Amino acid sequence: MYIYDSVQKKKLPFEPIEENRVSLYVCGPTVYDDAHLGHARASLTFDLLSRTLKAHGYEVTMAKNFTDIDDKIIKKVKTTGKSMEEITSYYIERYLAEMEALGIQRADIEPKATESLDAIETMIQELLDKEIAYMISTGDIYFDTSKDTKYGTISNRIANDEESINRVEHNIEKRNPKDFALWKACKKEDNNCFDTAFCRGRPGWHIECSAMIEKYFQGNADYTIDIHGGGADLLFPHHENEAAQSRCATGHELAKYWMHNGFVQIDGEKMSKSLGNSFFLKDALKHYDGEVLRYYLNSVHYRNNFNFSEEDLRQSKKRLDKLYRLKKRIWPQKASLPNRLFKQSLLDAMADDLNISKALAAIDEMVAHTNELLDTNPKDKGLKKETLANILFIEELLGFGGKDPFFYFQIGIDHTLKTKIEILIKERIEAKENKDFARSDAIRNELTALGIHIMDTPDGTLWEKV
RNA sequence: GGAGCUAUCGCCAAGUUGGUAAGGCAGCAGAUUGCAAAUCUGCCAUUCACCAGUUCGAGUCUGGUUAGCUCCUCCA
């Protein structure tokens, strides 16, 4: 397998620390609000990575954290009057449910910052002991970036570019402008604090990831984990700082490979809360099935920016529909084994830094080819069994195509409407048998008006929701 | 101001180490159909933002230009 490393900025052959095993850590959300499409993209990217690694025979251990201590959460506590625990557990639950709708497999480890305070405290203490961290008069603890000679090597940033320094409002007691907080001392009237040996307070943003990785993964003398992932916006300062803390505290590098996914954009601009153009996942899921959304969001290579548009989403859905139409033609059937060449073409495509476009093209070709074969020999049982196995493999590797094909085309149709559709189709069949085509066409128009497409096949009349 | 990414058919989007442009949507023609839909077949970029260079040969390498985006502040 080849993966693109954002630190070296090139595709590298993937060689895990331990043969056949992969440790993967992905930065999860700060749980103070609903997830937007950008969170979905990040989750989808690393879900795809994890599935691909597994399909290539690796045993994957994936961790994804929840940041549940943070300024914004505390702000929400103040504005809502709810407890921190109430807020974070609510959004964690929402997040997991929405990700499940997208077919994202749960991480093996889902640590929360609040449950990792022991590891956080240990690491900060280690840095204090080594005099790499220092406490200022308020009790805040900072990381001294000048003590780390490798600081800046993750994001490839030259230290001391003055312009950027001027832009950051910095504490006068900080030794270097780029020093960042490891621990924030408790201020009066603040209840969301934790006791430690150094002082009552709460962790800074960056330390939790380093501490949790150290807590859950072993690594070797050079690296703690194989792959560290996250959104491209986390490269600096978050991942730079994580790497620095871990390097200084443990004496070895945090991750062997760093992977970053591109942004979801709206009209060519990054979707973000500060720009006010966020598209919440919950709203998208009201209009579109999670699987359709997954297919669409995964259809562009993970490193590229993704420009979201409903028009593109509809185009994308048509492509997925074709797979399900084929599945209808072979349904129901028992799966045999997937076609060897087909399976290999998908594995090869994904092994090339998750080249999803190549994989989707291979699927389209398989669909067209199988349809062609079924046109000439509709009862080829062996072909049907193999095709179902192909589709099951698609679902395993890429996370779509797993539904009952008839159900897929009926999502969003309630019982009353379904009964009505079935009655109309029955009437139309009778009209057709009587060669009353005017009546038959009138019924078809009625169905079209309901958003239902019908198709007459040798096996009877089938219908789909548009 | 500093750092970086991107620019391929009407739309979306691939393109390993340079060797003569995947796939999908839309469109056109045909097979099929009572007519449709679905499905299949054929057609659909001598050309890859622009200019110059290296080369027998460049979308792919080098230099420059233009445009868009991102990071440098919380952010997936």
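FYI, side chains are in, hydrogens and waters are out, and symmetry mates aren't considered; it's all heavy atoms of this structure. Keep in mind it's a predicted model, so treat the numbers as computed, not measured.
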At less than 3.5 Å, do the side-chain atoms of [X] and the base atoms of [N] form a donor-acceptor pair?
{"X": "A:Asp441", "N": "B:rG34", "answer": "yes"}
{"X": "A:Ser357", "N": "B:rG15", "answer": "no"}
{"X": "A:Arg325", "N": "B:rA38", "answer": "no"}
{"X": "A:Arg314", "N": "B:rC25", "answer": "no"}

Just the rounded figure in Å: distance from [atom2] of [N] to [atom1] of [X].
{"X": "A:Asp71", "N": "B:rC74", "atom1": "CG", "atom2": "P", "result": "10 Å"}
{"X": "A:Lys317", "N": "B:rA26", "atom1": "NZ", "atom2": "P", "result": "12 Å"}
{"X": "A:Met455", "N": "B:rC40", "atom1": "CE", "atom2": "P", "result": "13 Å"}
{"X": "A:Glu310", "N": "B:rC12", "atom1": "CD", "atom2": "P", "result": "16 Å"}
{"X": "A:Met366", "N": "B:rG24", "atom1": "CE", "atom2": "P", "result": "13 Å"}
{"X": "A:Lys322", "N": "B:rA26", "atom1": "NZ", "atom2": "C1'", "result": "12 Å"}
{"X": "A:Lys178", "N": "B:rC72", "atom1": "NZ", "atom2": "P", "result": "11 Å"}
{"X": "A:Lys270", "N": "B:rC74", "atom1": "NZ", "atom2": "P", "result": "11 Å"}

Under 6.0 Å between the ring centres of A:Tyr25 and A:Tyr216?
no
Are the aromatic rings of A:Phe14 and A:Tyr58 close, with centres under 6.0 Å apart?
yes
Closest approach to the side chain of [X], judged atom by atom: which nucleotide of [options] is it?
{"X": "A:Phe236", "options": "B:rC11, B:rC71, B:rC74", "result": "B:rC71"}
{"X": "A:Asp364", "options": "B:rG24, B:rA76, B:rA14", "result": "B:rG24"}
{"X": "A:Lys318", "options": "B:rA37, B:rC25, B:rA76", "result": "B:rC25"}
{"X": "A:Glu269", "options": "B:rU70, B:rG23, B:rA76", "result": "B:rU70"}

Looking at A:Glu422, I'd like to know if its CD atom is crowded, meaning that more than 12 non-hydrogen atoms belonging to other residues, nucleotides or ligands lie closer than 6.0 Å.
yes
Could you give the distance separating [M] and [N] at their [atom1] atoms, to the nearest angstrom?
{"N": "B:rC50", "M": "B:rC56", "atom1": "C1'", "answer": "26 Å"}
{"N": "B:rG57", "M": "B:rC28", "atom1": "P", "answer": "42 Å"}
{"N": "B:rA7", "M": "B:rU62", "atom1": "P", "answer": "14 Å"}
{"N": "B:rG24", "M": "B:rC9", "atom1": "C1'", "answer": "13 Å"}
{"N": "B:rA49", "M": "B:rU32", "atom1": "P", "answer": "44 Å"}

Indicate, with a heavy-atom threshold strictly under 4.0 Å, whether [X] touches base, sugar-phosphate, or nothing.
{"X": "A:Gln265", "answer": "sugar-phosphate"}
{"X": "A:Asn261", "answer": "base"}
{"X": "A:His301", "answer": "sugar-phosphate"}
{"X": "A:Asn304", "answer": "sugar-phosphate"}
{"X": "A:Phe263", "answer": "base"}
{"X": "A:Glu365", "answer": "sugar-phosphate"}
{"X": "A:Leu234", "answer": "sugar-phosphate"}

Counting only non-hydrogen atoms, which of residues 368-380 of chain A are less than 4.0 Å from RNA chain B?
A:Ala368, A:Asn371, A:Glu372, A:Asp375
Taking only Lys NZ, Arg NE, NH1 and NH2, and the carboxylate oxygens of Asp or Glu, determine whether [X] and [Y] approach each other closer than 4.0 Å.
{"X": "A:Asp71", "Y": "A:Lys75", "result": "no"}
{"X": "A:Asp144", "Y": "A:Arg175", "result": "yes"}
{"X": "A:Arg439", "Y": "A:Glu427", "result": "yes"}

Using purine N1 to pyrimidine N3 plus N6-O4 or O6-N4 for Watson-Crick, or N1-O2 and O6-N3 for G-U wobble, each under 3.5 Å, what pairs with B:rA52?
B:rU62
Mate of B:rA29 where both pairing distances stay under 3.5 Å, Watson-Crick or G-U
B:rU41
So, do A:Met99 and A:His39 sit near enough that their side-chain heavy atoms are less than 4.5 Å apart?
yes
Respond yes when some side-chain nitrogen or oxygen of A:Lys9 is under 4.0 Å from OP1 or OP2 of B:rC5, and no when none is.
no
Does a side-chain N or O of A:Asn305 approach OP1 or OP2 of B:rC5 to a distance below 4.0 Å, or not?
no
Applying side-chain contact (heavy atoms from CB on, under 4.5 Å) between A:Leu346 and each of A:Ile394, A:Asn390, A:Leu360, report the one that passes.
A:Ile394
Ring pair (Phe, Tyr, Trp, His ring centres under 6.0 Å) partner of A:His238, the single match among A:His206, A:His260, A:His228:
A:His206
Along RNA chain B (nearest heavy atom to each residue), the more 5'-positioned of A:Lys358 and A:Ala361:
A:Lys358
Can you list every salt bridge (Lys or Arg N to Asp or Glu O under 4.0 Å) pair that touches residues 367-390 of chain A, not counting sequence neighbours?
A:Arg329-A:Asp375
